[in-house]
Amino acid sequence: MDGVTVRGVRAAARIVARPDGRGGTALPVLEGEGPLAPRRTRGSGAEARVMLVGAMSGPLGGDRFAVEARVAQGARLHVGSAAATIALPGQTKGEAHYEVRITVAAGGELRWLPEPLISAAGSELYVTSRVDLAAGARLVLREEQVLGRVGEEPGRLGSRLTVRVAGHCVLDQELACGPGAPGGWDGPAVLAGHRAVGQLVVVRPEFTDRRPAARMLGEGAAITPLAGPAVLVSAVAADGLRLRRVLDEALALLDQDAPLSGT
């Protein structure tokens, strides 16, 4: 509309998990706004479960979303999402931003397992995930990105994942795909024509002494030990279903090496 500036949506969600004193995990902070609606669901044992429910479409062009999760010592938290997140073009020109910030204290445990992010044609989204773990913290974090819906070209998608353990950076990885991304993103050195890309970061104290060996998992995935008690699984696949299958198989292998507490 002439003379009217259309701004994107600003929204944030916060989750704080602490021991409840009875062998379980309490959620003293569970709040969200706009399209970000965290909901507690039925947990298992000492673990609390939270589902991120998308109350609106998005992120759209110009939107800025932020999710923060904090896990205290002795707490166990599982965070998922009710459906895939779809980046879409909007009335506002420009890039949308989605920021995730995670902090886990010593003895805390987080499983961050959202559904995939789908980059629809015409969208522009930059995702930043920052994870800070104390020594002795446990983490399973999954990221899945699907470039385009069925039969369409992808939008532009950039992402950066940073993981620090006991103040030391063990992973700082960035990827850009789609129109306007640096040349070669779809070539043999990066996605090699695949339309789904994902990674799994697993941090467990047991890996300090029993670090899983580096190895390939078929043609499109690999397990790579990181500095400190951490492991990275990187994978590409033809679609989201195949990508999930590969990452699930990799996590099952790592569970054999060092299972999460209570599993």
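Heavy atoms only: backbone and side chains are in, while hydrogens, waters and symmetry mates are out.
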Measuring only between side-chain heavy atoms, which start at C-beta, is [X] closer than 4.5 Å to [Y]?
| X | Y | answer |
| --- | --- | --- |
| Pro116 | Arg244 | yes |
| Pro114 | Leu52 | no |
| Leu254 | Val233 | yes |
| Val146 | Ser119 | no |
| Ser123 | Pro89 | yes |
| Ile102 | Leu141 | yes |
| His78 | Leu113 | yes |

Ignoring hydrogens and geometry, is there a side-chain-to-backbone donor-acceptor pair from [X] to [Y] under 3.5 Å?
| X | Y | result |
| --- | --- | --- |
| Arg204 | Phe207 | no |
| Asp132 | Arg164 | no |
| Asp209 | Glu206 | no |
| Thr162 | Arg130 | no |
| Thr128 | Glu99 | no |
| Arg10 | Gly8 | yes |
| His194 | Leu191 | yes |
| Glu152 | Ala121 | yes |

Check the hydrophobic clustering (I, L, V, M, F, W, Y; side-chain heavy atoms under 4.5 Å; chains of links allowed) and say if [X] and [Y] are grouped together.
| X | Y | value |
| --- | --- | --- |
| Val71 | Val16 | no |
| Leu253 | Val140 | yes |
| Trp185 | Leu161 | yes |
| Leu175 | Val246 | no |
| Val29 | Leu36 | no |

Roughly how far apart are [X] [atom1] and [Y] [atom2], rounded to 0.5 Å?
| X | Y | atom1 | atom2 | result |
| --- | --- | --- | --- | --- |
| Glu109 | Thr25 | CD | OG1 | 9.0 Å |
| Glu115 | Thr85 | CD | OG1 | 9.0 Å |
| Leu27 | Leu77 | CG | CG | 6.5 Å |
| Ile118 | Ile86 | CD1 | CD1 | 4.5 Å |

Are the charged groups of [X] and [Y] less than 4.0 angstrom apart, N to O?
| X | Y | value |
| --- | --- | --- |
| Glu68 | Arg101 | no |
| Arg142 | Glu144 | yes |
| Arg156 | Glu124 | no |

Non-hydrogen atoms of [X] and [Y] that approach each other most closely:
| X | Y | result |
| --- | --- | --- |
| Pro179 | Pro154 | CD-O, 3.5 Å |
| Ala196 | Gly240 | CB-N, 3.9 Å |
| Thr41 | Val50 | OG1-N, 4.4 Å |
| Leu247 | Ala235 | CD2-CB, 4.0 Å |
| Ala96 | Pro59 | CB-CB, 4.1 Å |
| Pro19 | Gln73 | CG-O, 3.1 Å |

Of all pairs that satisfy side chain to side chain donor-acceptor pair (under 3.5 Å), the ones with a partner from residues 220-243, not counting sequence neighbours = Asp239-Arg242
inquiry  = Test side chain to side chain contact (heavy atoms under 4.5 Å, CB included) on Tyr126 and Arg160; report intermediate values, then the result.
reply    = CA-CA 8 Å; Tyr126 190 75; Arg160 182 176 181 180; 3.4 Å; yes
query = In a check of side chain to side chain contact (heavy atoms under 4.5 Å, CB included) between Val170 and each of Val163, Leu133, Val231, which one passes?
reply = Val163
inquiry  = We want to know whether Ser159 and Gln145 form a side-chain donor-acceptor pair, criterion being a heavy-atom distance below 3.5 angstrom.
reply    = yes
message = Would you say that more than 12 heavy atoms from the other residues, nucleotides or ligands in this model lie under 6.0 Å from the CZ of Arg195, or not?
response = yes
message = Is it the case that atom CD in Glu31 sees more than 12 heavy atoms from other parts of the structure closer than 6.0 Å?
response = yes
request  = List for me each residue that meets side chain to side chain contact (heavy atoms under 4.5 Å, CB included) alongside Ala176, sequence neighbours excluded, and say none if there are none.
outcome  = Ala181, Pro182
message = side chain to side chain contact (heavy atoms under 4.5 Å, CB included), that's the test. Do Leu117 and Leu157 meet it? Break it down for me.
response = CA-CA 10 Å; Leu117 167 64; Leu157 177 62; 3.8 Å; yes
query = Going through the distances and angles, do Val100 and Phe65 end up as a side chain to side chain contact (heavy atoms under 4.5 Å, CB included)?
reply = CA-CA 9 Å; Val100 175; Phe65 294 174; over 6 Å; no
request  = Kindly write out the residues that satisfy salt bridge (charged side-chain N to carboxylate O under 4.0 Å, His left out) with Glu47, not counting sequence neighbours, or none if the list is empty.
outcome  = Arg49
inquiry  = Is there a side chain to side chain contact (heavy atoms under 4.5 Å, CB included) between Leu251 and Val202? Walk through the geometry before answering.
reply    = CA-CA 8 Å; Leu251 183 56; Val202 182; 4.2 Å; yes
